[in-house]
Amino acid sequence: MRIDWEGAINVRDLGGLRTRDGRVTRTGAVVRSGMLDRLTPRGWDGLVGFGVRTVVDLREEAERTVLPPPPVSCVHVPLDDNADTALWEHIRANDLDGTPLYYPVFLERKAERCAAAVRAVAEAGPGGVLVHCAGGRDRTGLVSMLLLLLAGVLPDEIIADYEVSNRNAARTNPRYCTLRVLERHGTTERDALMAVLARLDVVDYLRSAGSTAGEIAAVRARLLGG
């Protein structure tokens, strides 16, 4: 569900998505977005009024310029690990950046950081959780994918949610849209992401990276209730 907060970038609720067992994810539980730095005071009022009480910021320290005001708390979980220059040189040299094509190598190399991001959502207090990076597509897309997989959301729903980001970029910031990168590789967002989903056993992956059964249960309860 698209959300319009004044100054917000690429915001949507992860509620209303269908799961394998016939349920739907809860509205207001987890929101994804791009950076919050451009939110106006009216935009912040909209975020607070929507019920968000915890922000999980996936950006590196150098990217962070604005922190949420009370009553919203912020958990900083830098995902990219820019110090791992070999990883990012590989991703860029192979023209993978900005697409799901980089997810397999990143998931393999940065499992503990992915688990830390999921943990931040699991441990958040009452109220909605907002997960964001800069543009709200790559890092946020990866973490959103893991959260939705834990909730048992259908692959088609996960993919459809992911595809919204490049559609938004094509409309508001065409230079940020990476559909042509995928064309160069002879694939699409759907096919590239489906390849990731088909190979990933999310529970085994996260448990191997340090996630606990309690954290996994907490994410499921947040997204599904009960």
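Remember, predicted model here, so these are calculated numbers, not experimental data.
Side-chain atoms of T187 never come within 3.5 Å of backbone atoms of D191 as a donor-acceptor pair (strictly under, hydrogens ignored). Side chain of T25 to backbone of G16: a donor-acceptor contact under 3.5 angstrom is found. When atom types are taken as modelled, the side chain of Y205 and the backbone of L200 share no donor-acceptor pair closer than 3.5 angstrom. A donor-acceptor distance shorter than 3.5 angstrom exists from the side chain of N10 to the backbone of G135, with no hydrogens or angles considered. A donor-acceptor contact shorter than 3.5 Å links the side chain of E60 to the backbone of D81. Looking at T99, its side chain never comes within 3.5 Å of a backbone N or O of L182 through a donor-acceptor pair. Side-chain atoms of R113 never come within 3.5 Å of backbone atoms of D80 as a donor-acceptor pair (strictly under, hydrogens ignored). At least one donor-acceptor pair closer than 3.5 Å links the side chain of R12 to the backbone N or O of D161. At distances below 3.5 Å, not a single donor-acceptor pair connects side-chain atoms of H132 with backbone N or O atoms of I9. At least one donor-acceptor pair closer than 3.5 Å links the side chain of T140 to the backbone N or O of C133.
Looking at heavy atoms from C-beta onward, M145 lies out of side-chain contact with Y162 at the 4.5 angstrom threshold. Between D156 and R190, some side-chain heavy-atom pair lies under the 4.5 Å cut-off. Put simply, the side chain of F50 does not reach to within 4.5 Å of the side chain of L130, judged on heavy atoms. The closest side-chain heavy-atom distance from L197 to I159 is below 4.5 Å. Side-chain contact between T178 and R137: present, with at least one pair of heavy atoms (C-beta onward) separated by less than 4.5 Å. L39 places none of its side-chain heavy atoms less than 4.5 Å from the side chain of V66. Using a 4.5 Å heavy-atom cutoff, the side chains of M194 and P155 are in contact. At least one side-chain heavy atom of L193 sits under 4.5 Å from a side-chain heavy atom of Y103.
R184 CZ to L179 CG: the interatomic distance, rounded to the nearest 0.5 Å, is 11.0 Å. Of the inter-residue distances, the one linking R222 atom CZ with E123 atom CD reads 11.0 Å to the nearest 0.5 angstrom. With rounding to the nearest 0.5 angstrom, the CG atom of D97 is 6.5 Å from the CG atom of D138. Considering CZ of R38 and OG1 of T65, their distance stands at 9.5 Å, rounded to 0.5 Å. Interatomic distance, CG of D21 versus CG of L224, reported as 7.0 Å (0.5 Å rounding). To the nearest 0.5 Å, atoms CG (L150) and CG (L223) are separated by 8.5 Å.
Of all heavy-atom pairs spanning R53 and P126, the tightest one is CB-O, 3.5 Å. The two atoms that bring P174 and A170 nearest to each other are CG-O, 3.6 Å, heavy atoms only. Minimum heavy-atom separation, A111 to A209: O-CB, 3.4 Å. Closest of all the heavy-atom pairs between V143 and A117 is CG2-CB, 3.8 Å. Closest approach of A124 and V129 over heavy atoms only: CB-CG2, 3.5 Å. Listed here is the closest heavy atom pair of V77 and V56: CG2-CG1, 4.0 Å.
When hydrophobic clusters are built by joining Ile, Leu, Val, Met, Phe, Trp and Tyr residues whose side-chain heavy atoms come closer than 4.5 Å, directly or via intermediates, L36 is not grouped with V131. A single hydrophobic cluster is not seen to contain both L79 and V55; linkage of ILVMFWY side chains at heavy-atom distances under 4.5 Å, directly or through other members, places them apart. At a threshold of 4.5 Å between side-chain heavy atoms, the hydrophobic network of Ile, Leu, Val, Met, Phe, Trp and Tyr places L17 and V24 in two separate groups. When hydrophobic clusters are built by joining Ile, Leu, Val, Met, Phe, Trp and Tyr residues whose side-chain heavy atoms come closer than 4.5 Å, directly or via intermediates, Y176 is not grouped with L58. Linking ILVMFWY side-chain heavy atoms closer than 4.5 Å, directly or via other members, places M35 and V31 in two distinct hydrophobic clusters.
The environment of CD in E112 is sparse: at most 12 heavy-atom neighbours from other residues, nucleotides or ligands sit within 6.0 Å. Counting non-hydrogen atoms of other residues, nucleotides and ligands closer than 6.0 Å to CZ of R180 gives a total of 12 or fewer.
Checking each of K110, E108, R109 against F106 for a side-chain contact (heavy atoms from CB on, under 4.5 Å) leaves exactly one that passes, namely K110. When each of L147, L14, L148 is checked for a side-chain contact (heavy atoms from CB on, under 4.5 Å) with I158, only L148 meets the rule.
Between R64 and D37, none of the side-chain N atoms (NZ, or NE/NH1/NH2) sits under 4.0 Å from a carboxylate O, so this pair counts as no salt bridge.
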**Report entry** Stepwise side chain to side chain donor-acceptor pair (under 3.5 Å) test for T212 and R119
**Finding:** CA-CA 9 Å; T212 67; R119 183 173 303 115; over 6 Å; no
Query raised in the report: Stepwise, does the side chain to side chain contact (heavy atoms under 4.5 Å, CB included) test hold for R171 with N168?
Result: CA-CA 5 Å; R171 184 178 67 255; N168 288 342; 3.2 Å; yes
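Annotation: ring pair (Phe, Tyr, Trp, His ring centres under 6.0 Å) contacts involving residues 59-98, sequence neighbours excluded, comprise W88-Y102.
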